[in-house]
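Structure record follows, encoded as structure tokens.
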There are 2 protein chains.
Amino acid sequence: MDQKVDTRSRILNIAEAAVLEKGFEATSIEEIVAGAEISRGGFFYHFKDKNALARAMLERYINAENALYDDLFARARELNDDPLHCMLIGLKLLAEMLEEMPTGHPGCVIASTAYQDRLFDEGVRDLNRQAILGWRKRFRGMFEEIAQVYEPREAVNMDALGDMVSGVVEGGLVLQRALREHNNASEQIMLFRTYLKLLFADKQRP
Amino acid sequence: MDQKVDTRSRILNIAEAAVLEKGFEATSIEEIVAGAEISRGGFFYHFKDKNALARAMLERYINAENALYDDLFARARELNDDPLHCMLIGLKLLAEMLEEMPTGHPGCVIASTAYQDRLFDEGVRDLNRQAILGWRKRFRGMFEEIAQVYEPREAVNMDALGDMVSGVVEGGLVLQRALREHNNASEQIMLFRTYLKLLFADKQRP
DNA sequence: GGGTCAACTGGACTCGCAGTACAGTCAGGA
DNA sequence: TCCTGACTGTACTGCGAGTCCAGTTGACCC
């Protein structure tokens with residue numbers, strides 16, 4: 001189990017890299033089985049079709065992303081107990097993380113899936129939807145906590161503000177992919193961080 | 001020329017609708033020719049391959065988007081000469097426009113292309129890149145004009161702020177597609193508008 | 001009225017990839 | 001020893017992209 005990554009995970013690793021690089025349809029099962037050094041039969045033993053592969057990839061990706069956010073904001077919380085500063089530190093860590101990825105961030109499976117969704121079944125689409133709703137809830141909660149301490153200078157819709165985290169990341173990754181630059185996503189996150197500073201800072205409630 | 005839309009445009013219309021709905025690879029030439037009521041031979045008479053179709057679609061889309069921005073901010077300028085207020089009005093108009101589209105915005109070909117870019121040749125990718133760089137320049141110019149009148153409360157990278165317009169739109173459209181909601185993109189634009197208000201307002205230079 | 005050209009039609013073919021089917025192999029545990 | 005899970009290998013169907021090409025049709029030109 002350490003010596004040799006199990007075949008299913010190996011397929012997912014290879015597939016994820018290929019899909020993020022060139023999209024789902026452009027990735028053939030042929031090249032996945034070549035990369036994973038198995039036979040075509042072996043592939044279909046693990047995944048009944050490409051749709052099942054997509055579903056498994058999305059699940060894995062969403063879990064990893066959630067674990068990453070958990071970890072990031074837990075670390076931020078250790079550094080500062082104030083909810084606003086915790087958020088600001090967390091976003092900084094996120095931006096740094098995106099920047100440090102040498103090849104640039106792999107790009108988000110969510111957007112990739114959203115723009116090819118007719119290829120997938122309802123299960124995959126719902127997975128996608130639930131992931132974004134989960135992030136909305138997560139960040140909305142954090143913003144509400146902040147708003148209890150700092151009065152926002154302008155009224156904002158908290159659901160939309162929660163979505164903005166995902167939106168800024170997704171949008172940044174789209175720019176990054178299209179421009180072939182390396183740090184658009186992290187720059188966008190830092191701009192969003194400045195937004196939060198302007199929205200909440202220096203107006204602590206009595 | 002009015003009676004009967006020329007075949008090439010008809011192909012592009014059908015193809016664009018199909019591609020925005022389900023992605024490029026998922027759209028077959030078969031269904032395009034069926035929709036446009038021509039033969040397969042007829043399709044290949046106009047476009048040497050699917051890549052040429054993609055290129056033509058992107059070109060058309062980018063031109064339309066640019067014309068739309070020109071029009072939007074020209075109208076905004078008529079309503080208010082101040083560069084900040086012009087921008088705020090323009091964004092409001094953009095948000096309203098996105099909201100009014102009954103089926104929701106078709107989604108942005110840019111993101112769609114970015115996430116499947118290995119399907120396309122360098123020409124298509126470059127078209128995509130140039131479009132975003134054009135929008136960066138457009139909005140960066142507008143923000144610099146604003147900054148000459150209003151001192152920003154926080155230092156921001158003007159290129160990144162220019163990119164943020166595209167990023168927020170793209171990100172919003174990704175959310176909208178994935179969530180199957182109707183107004184995420186316009187909400188995100190309105191949040192970005194609030195950002196600009198906080199960043200620039202009430203600090204007019206002497 | 002004949003010639004020419006652009007804009008097609010229609011059919012036949014190749015190729016690559018998804019997906020199916022199934023028979024056989026092989027290692028490890030009950 | 002037999003069974004089972006995890007495969008391998010091969011052969012086949014079907015679809016869509018792309019190629020080739022011969023033929024049709026209508027408009028305009030002389």
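Below, read A as the first sequence line, B as the second, and so on, with proteins coming before strands; counting in each chain starts at 1.
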Q. Do any side-chain nitrogens or oxygens of His46(A) fall under 4.0 Å of OP1 or OP2 in dC7(D)?
A.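 It does, given that an N or O in the side chain of His46(A) lies less than 4.0 Å from OP1 or OP2 of dC7(D).
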**Q.** Side-chain N or O of Thr7(A) closer than 4.0 Å to phosphate OP1/OP2 of dC7(D)
**A.**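 Looking at the OP1 and OP2 atoms of dC7(D), one of them is under 4.0 Å from a side-chain N or O of Thr7(A).
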Q) Have Arg60(B) and Asn13(B) got a donor and an acceptor in their side chains that come within less than 3.5 Å? A)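 Yes, Asn13(B) and Arg60(B) have a side-chain donor paired with an acceptor closer than 3.5 Å.
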**Q.** Contact list for DNA chain D against residues 25-42 of chain B - heavy-atom distance below 4.0 Å
**A.** Thr27(B), Ser28(B), Ile29(B), Glu30(B), Arg40(B)
Can you measure [X] atom [atom1] to [N] atom [atom2] for me and round it to whole angstrom units?
X         : N       : atom1 : atom2 : value
Leu119(B) : dG16(D) : CG    : P     : 16 Å
Asn51(B)  : dG18(D) : CG    : P     : 8 Å
Phe43(A)  : dT20(C) : CZ    : P     : 11 Å
Phe24(B)  : dG16(D) : CZ    : C1'   : 13 Å
Asp49(A)  : dC17(C) : CG    : C1'   : 14 Å
Arg10(B)  : dC8(C)  : CZ    : P     : 8 Å
Lys48(B)  : dA17(D) : NZ    : C1'   : 13 Å

Q.
Using the rule given for ring-ring contact (aromatic ring centres under 6.0 Å, His included), can you reason through Tyr115(A) versus Phe24(B), listing the C-alpha separation, both sets of side-chain angles and the distance that settles it, and then say yes or no?
A. CA-CA 9 Å; Tyr115(A) 275 101; Phe24(B) 192 75; over 10 Å; no
Q) Would you call the rings of Phe143(B) and Phe192(B) parallel, tilted or perpendicular, where under 30° means parallel and over 60° means perpendicular? A)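 Aromatic pair Phe143(B)/Phe192(B) classed perpendicular.
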Atom pairs and distances, side-chain donor-acceptor, residues 163-175 of chain B, under 3.5 Å, sequence neighbours left out:
unit_1    : atom_1 : unit_2    : atom_2 : d
Asp163(B) : OD1    : Arg136(B) : NE     : 2.9
Asp163(B) : OD2    : Arg136(B) : NE     : 3.2
Asp163(B) : OD2    : Arg136(B) : NH2    : 2.8

Q | Out of dC8(C), dC7(D), dG18(D), whichever nucleotide has its closest atom nearest the side chain of Tyr45(B) | A | dC8(C)
**Q.** Closest nucleotide among dG18(D), dG19(C), dA7(C) to the Lys50(B) side chain
**A.** dG18(D)
(Q) Taking ring pair (Phe, Tyr, Trp, His ring centres under 6.0 Å) as the definition, give me every residue that meets it alongside Tyr195(A), ordered by chain and number, with sequence neighbours left out. (A) Tyr195(B)
Q. So, Arg125(A) side chain and Ala178(B) main chain: donor-acceptor pair closer than 3.5 Å or not?
A. no
**Q.** Arg77(B), Arg140(B), Arg138(B) screened by salt bridge (Lys or Arg N to Asp or Glu O under 4.0 Å) with Glu145(B), the one that passes
**A.** Arg77(B)
